[in-house]
A.B. asks: 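Just passing along the structure, written as structure tokens.
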Amino acid sequence: MRVSRRTFLNGVAATSAAALTQKGEANAMTTNDGQDTRPIPTPAPRIAHFERMGYGMFIHWGLYSQMGRGEWAMNMHHIPAERYLELMKTFTAKDFSGRKIAKLAKKAGMKYITLTSRHHEGFSLYDTRGLSEHDVMHTPANRDLIQDFTEGCRAEGIMPMLYHTTLDWTEPRFEKDFPAYLQYLRDSVEILCTHYGKLGGLWFDGNWSKPNADWQEDKLYATIRKHQPEAMIINNTGIGEEGKLGNPEIDSVTFERGRPKPLNRHGHPKYVSAEMCHTMNFHWGIANNDFNYLSPAHVIEELCFARRAGANLLMNVGPTATGKIPEYEAAAFGRVGDWIRLHGGEKGVLYQGNPTQISGEGDDFALELNGDLYLFITDLTPTSNTMAHMSGHKGAGARKFAGVEKAYKEATWMDSGESLKMEFDGNAKQLTLHATNYPYGTNTVVRVARLKG
Ligand code: GLC
């Protein structure tokens, strides 16, 4: 099964480069050595802050979670709206605790959580204050779960963010009276922006359902800027259009299950960040018979490869019918958190490190932080039981990095402190690191060497 997933991911990655369509790339001004000389805009504080958060938890939870067949179950299995909405009668949310989830996220090294306040099914996890009957106040749960969530996050120092669908399968105005529907959408978002304290951002999804419609995005985003000027505005472009920029108010491009490539920000009017979202199996909402899980090793790789491009990773889990994070995902997230702690933890290179011009071979790459260089060495596992892919297996030995401008003092593995041999050729701007094998008893999937500046 893993092979098919790899193929799938690689297929997506192949389209993502072509889809990097930030305007202005075509007429780049370059020097002789191919460098784009146009200035890079300074990120707004909210965008700079978002980039430094680096890693977040995505949560898809709604009525569909009771069926355990993914968040698209209503649509994919052609369930009529009326029958589907019967699920409201049994929605108890009895195990949902924003605080518990935030604690888990914190332990896992995640700095923010993006929860579905409403997904395509049209059911809201918050009190819509009369806007819709399809909300949590009309279920046995009868409590505002977005309030529970935002308060729980803040108590643990986690930034709450909200996913909000723009398409709606159960609100008749979506098909019958689109302008009225858009007003309903804006009113719904306004409630979120005015009753739950400071939000890290709003993450929209669904404009791809009516690609030619006038979504009146300016009005929607103006509502957010008015009440939550510090909130990130994100709008998922969907799986086929990764990295594409939309409305100028958008603060971050998205990569749904892709491999982010660094954005060319030279000459752009605004600095935008990037975020890749991925899920622990093949569905976003819980799917009881989907066994095709990512391993912690795979998540570590996804996190590293996102950070290589300066992108955030938003890793999804679908809670159970009653709102609990399933055990496997909780444990897997925890293990990735352990890996992060071995590699600088909270304030370390995973969050604060900057992409550089330095390039490694295959999947190897470098990040820079406070004058030190961090070399991320992949495919070191000496057996065929490896998460190694595209680049093939490399094992221990010389790893070359090009574009290195200066000599570094000493190199050590972050996980063990072992010092490593290296050579630097100033003329060729090439650095060679002699990567040693994992000592018996360890395997960190991606191994990081720290080079003192
Ligand atoms: C897709 C799906 C949706 C999911 C989202 C996450 O757009 O429609 O179910 O919420 O991806 O990125």
Side-chain angles (χ1 to χ4, degrees), residues 5 8-9 11-13 15-16 19 50 55-79 84 87 110 112-125 146 149 161-171 174 185 188-189 200-211 213 215 217 232-244 246 250-260 273-287 290 292 294 299 302 306 311-319 329:
R5 174 180 287 263
F8 168 71
L9 278 176
V12 170
T15 59
S16 72
F50 179 71
Y55 183 33
M57 186 191 290
F58 207 0
I59 302 182
H60 279 68
W61 189 46
L63 297 177
Y64 47 79
S65 309
Q66 296 178 82
M67 298 173 74
R69 294 166 84 189
E71 81 289 355
W72 272 70
M74 172 182 166
N75 178 286
M76 299 301 272
H77 300 303
H78 311 290
I79 307 171
Y84 183 84
L87 288 167
M110 294 155 158
Y112 62 104
I113 306 178
T114 306
L115 168 66
T116 50
S117 42
R118 180 189 298 163
H119 202 262
H120 309 334
E121 61 178 1
F123 173 73
S124 304
L125 292 182
I146 295 303
F149 166 70
M161 307 197 30
L162 297 173
Y163 166 112
H164 202 88
T165 185
T166 58
L167 81 93
D168 199 311
W169 296 328
T170 54
E171 166 52 55
F174 180 70
L185 176 63
S188 302
V189 169
L202 270 298
W203 205 105
F204 296 104
D205 184 27
N207 286 24
W208 38 262
S209 66
K210 288 186 196 263
W215 285 88
E217 276 180 77
M232 291 286 291
I233 298 181
I234 301 175
N235 197 325
N236 186 21
T237 40
I239 206 151
E241 303 256 38
E242 297 167 321
K244 195 175 167 190
I250 301 282
D251 293 321
S252 181
V253 297
T254 60
F255 293 83
E256 189 178 326
R257 292 192 277 201
R259 275 278 155 86
S273 58
E275 183 184 52
M276 196 272 269
C277 59
H278 204 337
T279 184
M280 286 300 284
N281 53 20
F282 267 80
H283 298 83
W284 302 87
I286 190 168
D290 178 354
N292 203 346
L294 298 192
V299 178
E302 296 297 351
N312 289 14
L313 175 67
L314 185 61
M315 204 61 225
N316 180 73
V317 54
E329 285 90 329

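Each ligand, and each atom within it, is numbered from 1 in the order the structure gives.
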A.B. asks: Using the side chain to side chain donor-acceptor pair (under 3.5 Å) rule, pick out the option among Asp205, Thr116, Asn316 that qualifies with Tyr163.
C.D. replies: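 Option passing the side chain to side chain donor-acceptor pair (under 3.5 Å) with Tyr163: Asp205.
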A.B. asks: Identify, by atom number and element, the atoms of ligand 1 in contact range of His60, meaning under 4.0 Å from any of its heavy atoms.
C.D. replies: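 Numbered from 1, ligand 1 contributes 4 (C), 6 (C), 10 (O).
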A.B. asks: side-chain contact (heavy atoms from CB on, under 4.5 Å) with Thr279: which of Arg257, Glu256, Glu329, His60?
C.D. replies: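 So the option named by the test is Arg257.
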A.B. asks: List ligand 1 atoms under 4.0 Å from Cys277, heavy atoms only on the residue side.
C.D. replies: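 Under 4.0 Å from Cys277, ligand 1 has these atoms: 12 (O).
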A.B. asks: Please work out which of Trp208, Trp284, Tyr64 has its closest non-hydrogen atom nearest to atom 6 (C) of ligand 1.
C.D. replies: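 The residue whose heavy atom sits nearest atom 6 (C) of ligand 1 is Trp284.
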A.B. asks: At less than 4.0 angstrom from any non-hydrogen atom of His119, what atoms of ligand 1 do you find?
C.D. replies: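 Atoms satisfying the 4.0 Å criterion: 3 (C), 4 (C), 9 (O), 10 (O).
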A.B. asks: Would you name the heavy atoms of Phe50 and Ile234 that are closest together and state the gap between them?
C.D. replies: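 Heavy atoms only, the tightest pair is CZ-CD1, 3.9 Å.
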A.B. asks: Mind checking whether Asn316 contacts ligand 1 via backbone (N, CA, C, O), side chain (CB onward), both or neither, at a 4.0 Å heavy-atom cut-off?
C.D. replies: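 None of Asn316 does.
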A.B. asks: Provide the number and element of each atom of ligand 1 under 4.0 Å from a heavy atom of Asp205.
C.D. replies: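 What qualifies from ligand 1 is 1 (C), 2 (C), 3 (C), 4 (C), 5 (C), 7 (O), 8 (O), 10 (O), 11 (O).
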A.B. asks: We want to know whether Glu121 and Tyr84 form a side-chain donor-acceptor pair, criterion being a heavy-atom distance below 3.5 angstrom.
C.D. replies: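 Side chains of Glu121 and Tyr84: pair found under 3.5 Å.
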A.B. asks: If you measure every N or O of Glu256 against every N or O of ligand 1, does any of those distances drop under 3.5 Å?
C.D. replies: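 Yes; at least one N/O pair falls below 3.5 Å.
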A.B. asks: When you check the side-chain N and O atoms of Arg118 and Ser124, is any donor under 3.5 Å from an acceptor?
C.D. replies: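 Side-chain D/A pair, Arg118 to Ser124: present.
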A.B. asks: What atoms of ligand 1 come within less than 4.0 Å of a heavy atom belonging to Tyr163?
C.D. replies: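 That gives atoms 10 (O) of ligand 1.
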A.B. asks: Looking at Glu71, which atoms of ligand 1 are within less than 4.0 Å of one of its heavy atoms?
C.D. replies: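 So the atoms of ligand 1 that pass are 3 (C), 9 (O).
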A.B. asks: Can you tell which of Trp72, Phe255, Trp203 gets a heavy atom nearest to atom 2 (C) of ligand 1?
C.D. replies: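 Of the listed residues, Trp72 has the closest heavy atom.
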A.B. asks: Can you tell me how far the CZ atom of Phe255 sits from the CG atom of Asn236, to the nearest 0.5 Å?
C.D. replies: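 CG of Asn236 is found 11.5 Å from CZ of Phe255.
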A.B. asks: Which atoms of ligand 1 sit under 4.0 Å from any heavy atom of Asn236?
C.D. replies: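 Reading through ligand 1 atom by atom, the close ones are 7 (O), 11 (O), 12 (O).
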A.B. asks: What about the rings of Tyr64 and Phe123, do their centers lie closer together than 6.0 Å?
C.D. replies: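 Centroid distance Tyr64-Phe123: not below 6.0 Å, so no.
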A.B. asks: Rounded to the nearest 0.5 Å, how far does CZ of Phe204 lie from CG of Leu167?
C.D. replies: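 CZ of Phe204 is found 13.0 Å from CG of Leu167.
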A.B. asks: Mind checking whether Arg257 has a heavy atom under 4.0 Å from ligand 1?
C.D. replies: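 Distance cut 4.0 Å: Arg257 fails for ligand 1.
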